[in-house]
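This report refers to the structure that appears directly beneath it.
Along the sequence shown, the residues carry numbers beginning at 1. Start at 1 and go down the list; that is how both ligands and their atoms are numbered. These numbers come from a predicted model, not from an experiment.
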Amino acid sequence: MLSALLEERALPPLRAREELLEILQREIYGRMPAAPESEEFTVETKVIWRFCAGKAVCDRVTARCVVNGRPFTFPFLVTVPTAPGPHPFFIHLNFRQDNPDRYMPTEELIDAGFAVLSVCYEDVSSDNDDFTDGLAGLLFDGGVRGPEDPGKIALWAWSAHRILDYAQTRADQLDLRRAAVCGHSRLGKTALLAAATDTRFAFAYSNDSGCSGAALARGTTGETVRDICERFPFWFCENYKQYVDNEAAMPFDQHFLLAAIAPRCALVGSAAADDWADPVSEFLCCCAAAPAFPGGFPCPDRLPGEDEAILDGRIGYHCRPGLHYFSRTDWQRLIEFIRRHS
Ligand code: GTR
């Protein structure tokens, strides 16, 4: 049954990882900015008093980067269990600085034995078409972009790489073989790109990322390339616009993004009532990416139920009832996925 559904989508075949990354950057996200010329981190420790009843310490870290000869700084929070490590950890691209946050149940993560490093995405670059502020301001002369210059998703993904640089300085507490990057919606798209372009990440998790994230564009019943390019053209490179109402001409589809994470582990999460992100197109994207992952995607030959988790393969998928939201159920399944593959 699934092979017939996939055939209807008429997807371009997968290629070697380097080619996937070349196409994805050229056609959709733009070229990832280079690593900074230099970077250092300043740490203010124990910024939340008695955090998690003493089970964890929360530090506020400032990344101090030099990009194109000019300084660029951004803050992030690092919450690490006080129990002896090293601990598996999440780099969570989030919408707010709050810790905990409605999308980040920090104490539960700590109780599960995980550390979490979280960044508020707009501390890196604004979520709008202004390419003169934040990191964008150091990359583009006068804010004008060429066709392959990065959109905001690539800039946010770059910040995850910097936070991972920092994690490497705390290898005694953070288990670098179990580094995960995760995010919800636009930041789920960002998490996938961050993992695709940096093999230091062992795990990627996209929550309800939908169009231009984990959902196939061809045949979608949710958000289309036109929808997203009309509202959020600045998330992508200029080249992406040529595929508005023209998905059949794309030399890629979103299974390229998942496949570029292989042979490392990727988990895609959907919400059953999130029609805009299109759970079926997210599931079929995992099926289409399967050949890139050792062991493939071990799933039944049918569409998943609205409360089902398929976690045994290095590409995994789960759907839960409810709306577009990064819920505790999503975190619990992500934790289970990482445990199974550690
Ligand atoms: C929507 C957008 C989606 C998704 C979402 C979000 O409006 O159309 O692609 O990214 O925003 O990030 O919350």
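- Contact annotation: for Asp227 versus ligand 1, there are no heavy atoms closer than 4.0 Å.
- Residue Ile48 is not grouped with residue Val61 when hydrophobic side chains (ILVMFWY) are merged at heavy-atom distances under 4.5 angstrom, including chains of intermediate members.
- Listed by number with element, the atoms of ligand 1 under 4.0 Å from a non-hydrogen atom of Ile228 are 9 (O).
- The minimum heavy-atom distance linking Phe283 with Cys299 is given by the pair CZ-SG, 4.0 Å.
- Proximity of His324 to ligand 1, defined as any heavy-atom pair under 4.0 Å, is confined to the side chain (atoms from C-beta onward).
- Using modelled atom types, no side-chain atom of Arg15 and backbone atom of Phe256 make a donor-acceptor pair closer than 3.5 Å.
- Ring to ring, Phe234 and Phe131 are not that close: their centroids are 6.0 angstrom or more apart.
- Residue contacts with ligand 1: Ser209 is placed with no nitrogen or oxygen under 3.5 Å of a nitrogen or oxygen of the ligand (distance criterion only).
- Taking only nitrogen or oxygen atoms, main chain and side chain alike, Ser185 reaches within less than 3.5 Å of ligand 1.
- Atoms of ligand 1 lying under 4.0 Å from at least one heavy atom of Trp235, given by number and element, are 9 (O), 10 (O).
- Checked against a 6.0 Å centroid threshold, the rings of Tyr205 and Phe326 count as neighbours.
- Contact atoms of ligand 1 toward Arg186: 5 (C), 6 (C), 10 (O), 11 (O), 12 (O), 13 (O) (distance under 4.0 Å to a heavy atom of the residue).
- Side-chain contact check for Thr220 and Asp278: at least one donor-acceptor pair (N or O, by modelled atom type) lies under 3.5 Å.
- The contact set between ligand 1 and Trp276, taken as ligand atoms under 4.0 Å from a residue heavy atom, comprises 2 (C), 8 (O).
- Under a 4.0 Å heavy-atom criterion, Arg231 is in contact with ligand 1.
- Nearest heavy-atom pair across Ser206 and Gly188 is CB-O, 3.9 Å.
- Summary of contacts: the protein heavy atom closest to atom 8 (O) of ligand 1 is Glu223 OE2, 2.4 Å.
- Counting only distance, with no hydrogens or angles, the side chain of Arg264 and the backbone of Ala195 share a donor-acceptor pair below 3.5 Å.
- Ligand 1 places these atoms under 4.0 Å from at least one heavy atom of Lys189: 3 (C), 4 (C), 9 (O), 10 (O).
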